[in-house]
Number of protein chains: 2
Amino acid sequence: MNAATALEDRAARADAEDPLAPLAERFVLPEGVIYLDGNSLGPLPAAVPPALADVVARQWGTGLIGSWNDSGWWDAPLRIGDTIGRLVGAAPGQTVAGDSTSVQLFTALSAATALRPDRPLLVTDPGHFPTDRYLADAVARRGDALEVRRIPPADLEKFLADEGSRVAAVSYSPVDFRTGELCDMAALTEATHRAGALAVWDLCHAAGAMPLHLDALEVDLAVGCGYKFLNGGPGAPAWLYAARRHHDALDTPLTGWNGHASPFAMDRDYTPAPGIARARIGTPPILSLLALEAALTVFEDVDLAQLRAKSVSLTEFFLTCAEELFTPLGITPVTPRDAARRGSHVSLRHPHALGLTRALADRGVVIDMRAPDLLRFGVNALYTTHTELLTAAQRLSTIVRDSSYDPAPARSGPVT
Amino acid sequence: MNAATALEDRAARADAEDPLAPLAERFVLPEGVIYLDGNSLGPLPAAVPPALADVVARQWGTGLIGSWNDSGWWDAPLRIGDTIGRLVGAAPGQTVAGDSTSVQLFTALSAATALRPDRPLLVTDPGHFPTDRYLADAVARRGDALEVRRIPPADLEKFLADEGSRVAAVSYSPVDFRTGELCDMAALTEATHRAGALAVWDLCHAAGAMPLHLDALEVDLAVGCGYKFLNGGPGAPAWLYAARRHHDALDTPLTGWNGHASPFAMDRDYTPAPGIARARIGTPPILSLLALEAALTVFEDVDLAQLRAKSVSLTEFFLTCAEELFTPLGITPVTPRDAARRGSHVSLRHPHALGLTRALADRGVVIDMRAPDLLRFGVNALYTTHTELLTAAQRLSTIVRDSSYDPAPARSGPVT
């Protein structure tokens with residue numbers, strides 16, 4: 001048996017034995033496409049089109065204004081927040097859905113630093129997703145005595161040893177959006193707490209992909225998007241978690257009327273609602289929000305530990321394919337081999353990443369890239385198969401060996 | 001001919017002669033319902049369900065991540081912004097759609113006061129919609145030397161005579177959300193400018209209901225929602241206008257990555273995009289945003305001056321009905337009789353406003369109320385008829401005369 005056949009056999013066996021295989025039926029995936037970009041935009045859950053059609057035709061079209069009560073629109077941010085809470089280890093009443101991740105980051109970082117007013121430093125990751133860095137700067141810029149320090153997670157302990165007593169909050173993501181590297185949330189949260197600071201986590205690349213334990217780790221605040229592993233659709237509303245112990249003192253910067261204790265009393269002054277409801281801002285985009293709610297039904301009866309085990313099996317298998325097929329071709333995996341240090345995507349380095357991504361798309365394999373030289377292969381254990389990953393690896397290998405790609409393609413639109 | 005017959009004849013004649021009557025076909029309105037709450041939630045435009053079904057099934061389901069370019073998702077906030085711009089007298093490139101009105105107010109008020117850093121006062125209306133007041137306070141709270149002053153529009157000139165040189169910005173709405181009173185945008189904007197301050201307008205209750213002239217009046221910043229007279233659906237994305245002359249200096253507080261000059265370069269620091277694109281924040285809720293875009297097609301070939309003329313005819317007629325039918329019943333109109341001082345809703349005062357609103361709903365007339373004692377009848381000249389208004393008035397008159405309503409009903413849900 002040659003190497004290729006061995007990989008094919010291994011993939012077929014893993015897929016045949018996969019207890020989660022039937023979950024793929026919960027998605028509408030286009031024929032002939034291997035979709036490995038669910039870490040950027042999750043595919044369409046089959047539950048969404050009928051649910052959204054009902055929201056539009058019956059709830060909006062017929063129910064009209066009455067649907068704010070009768071169809072539960074008003075409560076949707078808290079109800080959907082609780083559903084997301086179950087996926088991230090948060091007991092009910094601590095999570096709210098709505099707005100974009102950027103707006104939620106502004107809220108989380110403002111609120112976290114306001115809880116430590118005597119501490120002047122806000123720590124973020126120099127490798128953090130851009131909006132996390134930009135919003136940290138935005139929060140600091142508006143505070144009198146607040147300064148951002150960009151410290152890689154690996155250097156946090158050392159930094160806190162020197163400066164810990166001056167740190168208000170530490171804002172990290174467990175998964176590096178470029179390399180797919182997973183850091184140790186528990187250890188970093190604990191180190192942050194030892195310094196008396198608050199831990200703020202961005203779970204965009206983690207929620208829905210693995211078990212998370214916000215309550216158990218005593219995380220202070222967290223945010224995440226709705227459109228990656230939660231599959232809520234393009235630009236789906238984001239979410240914010242704030243631990244219950246902080247609610248009474250939680251000082252949010254965007255005091256929109258939806259977060260008022262008595263929104264319809266139209267009071268003269270803002271009085272924050274009790275609990276996580278005070279983190280509501282304005283009227284949320286109900287169509288997008290209820291599409292997200294329908295999308296979250298794909299997680300019903302799904303064991304996140306089992307989902308994570310399959311995700312690890314998939315990324316492990318893809319890294320094996322990469323070693324066997326790509327090593328001679330100058331394509332280098334940058335994602336850790338150690339499963340405990342790996343999220344749910346695998347990144348490969350090649351100088352012609354954009355051209356290769358385009359050539360793969362032309363051959364039915366959808367991935368994305370991060371400039372200048374990273375190819376990202378996102379796996380989602382809800383629908384990705386080992387065989388798909390092998391096919392993707394084989395197609396990439398053929399493309400590189402045959403040089404059948406444009407090494408410097410023109411950009412075809414604003415989104416790369 | 002008795003008074004009732006005269007009103008019926010007048011309504012029938014006005015409707016028969018109405019050149020805009022065919023526009024009602026652009027909406028899906030439930031049978032047997034007289035919907036007079038479009039000033040709170042616009043009804044479903046017929047163009048929305050097929051457009052949204054296509055966005056979900058084809059653009060998201062089949063196009064997947066590629067639709068950010070191929071279906072124009074990335075450009076949607078600016079494209080839809082320009083479509084809204086045409087309704088508010090804004091040349092292209094000055095309006096962006098996205099986020100909630102509350103978030104846009106935070107941006108507008110922050111940016112306006114940042115443009116006048118040497119002036120310590122932010123003027124808002126004590127009768128402004130709550131979120132406008134709360135966000136003004138939120139902006140002031142974060143600035144070192146910024147203070148909110150609540151000055152009614154009628155007192156602005158006098159206030160500016162004393163304090164004008166200390167005022168950074170004036171934030172008003174042309175339409176009072178309770179009484180429906182319309183103020184003089186041109187005069188107030190001019191007075192604001194004479195003082196060297198910036199004019200920020202909240203057009204939630206005006207955009208789509210009447211011609212507006214943001215460029216011609218040299219308004220500085222404006223915001224509005226997408227779900228009232230724009231009919232974009234529950235919680236439809238809001239919008240922000242910033243006059244082109246301010247773009248280069250426009251300092252937005254929420255520096256999300258979508259507003260970056262090169263969002264996909266993932267730069268270390270935030271560099272604002274040129275033009276109004278810098279007011280983008282995070283990834284927008286595409287399903288809600290493209291539903292709004294489909295909804296805006298109802299305005300194609302609609303002359304806003306003609307729409308306003310019909311709106312005035314409708315509110316004038318309803319006030320006449322009110323005088324004839326309600327005066328003996330203790331229901332008092334609070335909306336000005338002078339059409340030039342009236343927006344597109346009529347408010348009536350009665351101590352049992354909530355009970356009457358419920359009783360009307362039970363009889364197929366949907367209005368809303370504002371605590372404690374205002375009944376709001378919103379007319380939308382795109383679909384409301386004079387005959388509907390007479391029927392609504394007759395039903396209310398019968399309900400009050402027969403006392404066939406609950407004077408103190410229990411609240412049936414969070415939204416009153």
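Order of the sequence lines fixes the chain letters, A, B, ..., with proteins taken first and strands second; residue numbering starts at 1 for each chain.
The parts of A:P253 that come within reach of chain B are both its backbone and its side chain, each placing non-hydrogen atoms under 4.5 angstrom from that chain. Heavy atoms closer than 4.5 Å to chain A are found in the backbone of B:T252, but not in its side chain.
Using a 4.5 Å heavy-atom cutoff, the side chains of A:N69 and B:P414 are in contact. Between A:D368 and B:I65, every side-chain heavy-atom pair lies at or beyond the 4.5 Å cut-off. No side-chain heavy atom of B:L64 sits under 4.5 Å from any side-chain heavy atom of A:D37. The shortest side-chain heavy-atom distance between A:T255 and B:D137 does not fall under the 4.5 Å cut-off.
Nearest heavy-atom pair, A:R133 versus B:R268, reported as atom, atom and distance to 0.1 Å: NH1-O, 2.7 Å. Between A:S102 and B:G282 the shortest heavy-atom distance is OG-CA, 3.6 Å. Taking every heavy atom of both residues into account, B:V56 and A:L52 meet most closely at CG2-CD2, 3.6 Å. Closest approach of A:F264 and B:V415 over heavy atoms only: CZ-CG1, 3.6 Å.
Ranked by heavy-atom pairs shorter than 4.5 Å toward chain B, the options A:S40, A:G38, A:G233 are led by A:G233. Ranked by heavy-atom pairs shorter than 4.5 Å toward chain A, the options B:A238, B:S100, B:G259 are led by B:S100. For the set A:P284, A:P49, A:A371, the count of heavy-atom pairs under 4.5 angstrom toward chain B peaks at A:P284. When B:L135, B:L292, B:V48 are compared by the number of non-hydrogen pairs under 4.5 Å with chain A, B:L135 comes out ahead. Most heavy-atom pairs under 4.5 Å with chain A, from the set B:P234, B:S288, B:P285, B:A57: that is B:P234. Ranked by heavy-atom pairs under 4.5 Å with chain B, the first of A:N258, A:L289, A:D267, A:V366 is A:D267. When the candidates B:P126, B:G42, B:P43 are compared by the number of heavy-atom contacts under 4.5 Å with chain A, B:P43 comes out ahead. Comparing A:W68, A:Y35, A:W74 by heavy-atom pairs within less than 4.5 Å of chain B, the highest count is held by A:Y35. Annotation: maximal heavy-atom pairing with chain A below 4.5 Å, among B:F27, B:Y270, B:Y227, occurs at B:Y270.
In this pair, B:Y134 and A:H260 present their aromatic rings parallel. The plane angle is below 30°, not in the 30 to 60° band.
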| request: Kindly determine whether A:F106 and B:I281 satisfy side-chain contact (heavy atoms from CB on, under 4.5 Å), including the steps that lead there. | output: CA-CA 11 Å; A:F106 188 73; B:I281 303 174; over 6 Å; no
| query | Does the pair B:W73 and A:L41 meet the rule for a side-chain contact (heavy atoms from CB on, under 4.5 Å), with working shown? | reply | CA-CA 13 Å; B:W73 291 351; A:L41 173 65; 3.8 Å; yes
| query | B:M266 and A:R178: side-chain contact (heavy atoms from CB on, under 4.5 Å), yes or no, with the steps? | reply | CA-CA 11 Å; B:M266 312 261 157; A:R178 286 159 311 197; over 6 Å; no
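For the pair A:T131 (side chain) and B:W257 (backbone), a donor-acceptor distance under 3.5 Å is present.
Look at A:D269 and B:R141 and you find no salt bridge, because none of the NZ, NE, NH1 or NH2 atoms lies under 4.0 Å from a carboxylate O.
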